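Just so it is clear: chains get the letters A, B, ... in the order the sequence lines come, proteins before strands, and each one is counted from 1. Being a predicted model, the structure only gives us computed values, none of them experimental.
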2 protein chains.
Amino acid sequence: MNQTYSISDLAREFDISTRTIRYYEERGLIHPDRTEGGQRVYSRKDRTRLRLILRGKRFGFSLDEIVEMIDMFDQDRSGRKQLVVTIDYGKKKIGEVEEKIQDMMALKKEMEDLLEDFEKRLDQLRGRNKL
Amino acid sequence: MNQTYSISDLAREFDISTRTIRYYEERGLIHPDRTEGGQRVYSRKDRTRLRLILRGKRFGFSLDEIVEMIDMFDQDRSGRKQLVVTIDYGKKKIGEVEEKIQDMMALKKEMEDLLEDFEKRLDQLRGRNKL
DNA sequence: ATTCTAGTTTACGTTAACGTTAATGTCAAT
DNA sequence: ATTGACATTAACGTTAACGTAAACTAGAAT
């Protein structure tokens, strides 16, 4: 129960350096506990958080943007006004993600069209060789 | 006919600096013509190419990756073997894009779930206030 | 011909996101 | 108690992708 991880556990699991993990802490993205002796101890929550960070990175969000997004969804926003603000901001961010998805799908289609073109050319070459 | 553009034309249109455009040339991403006096002249093709570069940037490809992808789809690959290689590489790249899209859709869903949660909380607050 | 705007190269500066090294400490196992 | 693997902080180094400044040139407009 209440599984914990060392810094190199997580580094291994996510295939990143320990330096990277420490850097994320330095930038305020993670806040692990410490042992008596001062070594970092990561909880399941920390691990999840790290996974989120890396996912954010994978499609080009900066650490600053990621910090914004995660904090937004992470805190106990009990006040009503805070909730409203959070929801609004969240919708905006989701819109941005949606836009990026659309954009990438457009690229994908462009690439597919080009590929189709190349394949037609290849077919024509094949046809000629058969004569 | 055969419309051309100055460097600042394109900078204005795509909202980037002229320095950026020159840098892309330095890195071998664009190859504009020159006037007698040495000023850069961009064709429609160059403009399209620039648009592709910027699109690539927008979802986190590095300039090196972009150079690879664009060159792949840009040259006259008339040889059959070249065509096959190009098509294979293209399929791989499309796969990568596809993966990114899936990844982003997962993030979007995660965000939407969280938002839903927040909205439920807000509703509960509203309910209590009515009593 | 001159003026003005926009263009050129060269070169040094900047920021984010880590890499790397050094000097030292912790902890589990023998 | 001593080893060995892993941990710590501090600080300097590195790379990509430009920004910025200087010193100069081209081309359009008056």
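- Summarising the geometry, atom OG1 belonging to Thr20(B) is positioned 10.0 Å from atom CG belonging to Asp15(B); distances are rounded to the nearest 0.5 Å.
- Taking atom CG on Asp33(A) and atom P on dA7(D), their separation rounds to 16 Å, with Å as the unit.
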Checklist entry - How would nucleotides 18-30 of chain D be written as a contact map, 5' to 3', with B for base contact, S for sugar-phosphate-only contact and - for no contact, using protein heavy atoms under 4.0 Å? => result BBB-----SS---
Item to check | Check against salt bridge (charged side-chain N to carboxylate O under 4.0 Å, His left out), Asp33(A) and Arg40(A) | outcome: CA-CA 6 Å; Asp33(A) 284 356; Arg40(A) 274 162 257 249; over 6 Å; no
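- One side chain, Tyr23(A) or Arg27(A), offers a donor N or O that lies under 3.5 Å from an acceptor on the other.
- Salt-bridge check for Lys91(A) with Glu119(B): passed, with a basic side-chain N closer than 4.0 Å to an acidic carboxylate O.
- Residues Tyr89(A) and Glu68(A) have side chains that bring a donor and an acceptor to within less than 3.5 angstrom of each other.
- Contact annotation for Arg22(B): base contact, defined as any heavy-atom pair under 4.0 Å involving a base atom.
- When rounded to the nearest whole Å, the span between CZ of Arg27(A) and P of dA16(C) equals 7 Å.
- For Glu110(B), the CD atom is densely surrounded, since the number of other residues' heavy atoms within 6.0 Å is greater than 12.
- DNA chain D is contacted by no residue of residues 44-51 of chain B, taking any non-hydrogen atom closer than 4.0 Å.
- Rounded to a whole Å, the CD1 atom of Ile7(A) is 13 Å from the P atom of dC18(C).
- Remark: Glu99(A) CD is loosely packed, at most 12 non-hydrogen atoms of other residues, nucleotides or ligands lying under 6.0 Å away.
- For the pair Val41(B) and Arg34(B), the minimum side-chain heavy-atom distance is 4.5 Å or more.
- Distance check, rounded to the nearest 0.5 Å: CD of Glu98(A) to CG of Asp103(A) gives 11.0 Å.
- Contact annotation for Arg12(A): no contact, since no heavy-atom pair falls under 4.0 Å across all strands.
- Ionic pairing of Glu112(A) and Lys109(A) is not present here: no N-O contact between side-chain nitrogen and carboxylate oxygen is shorter than 4.0 angstrom.
- Between Ser6(A) and dC6(D) there is no side-chain N or O to OP1 or OP2 distance below 4.0 Å.
- Between the P atom of dT8(D) and the CZ atom of Arg40(A) lies a distance of 4 Å, rounded to the nearest Å.
- Straight-line distance from the CD atom of Glu65(A) to the C1' atom of dA16(C): 12 Å, rounded to whole Å.
- Proximity note for Arg34(B) (side chain, C-beta onward) versus dA17(C), dT9(C), dT9(D): the nearest is dT9(C).
- Look at CG on Leu10(B): it is 14 Å from C1' on dA6(C), rounded to the nearest Å.
- Axis angle across the helix from dA1(C)-dT30(D) to dT30(C)-dA1(D), with five pairs used at each end and values rounded to 10°: 10°.
- Taking a 6.0 Å sphere around CG of Asp113(B), one finds it holds more than 12 heavy atoms contributed by other residues, nucleotides or ligands.
- Straight-line distance from the CZ atom of Phe61(B) to the C1' atom of dA16(D): 17 Å, rounded to whole Å.
- Following rounding to the nearest Å, Ile16(A) (CD1) and dG19(C) (C1') show an atom-to-atom distance of 14 Å.
- For the pair Lys100(A) and Phe61(A), the cation sits on the ring face: its NZ or CZ lies under 6.0 Å from the ring centre, inside 45° of the axis.
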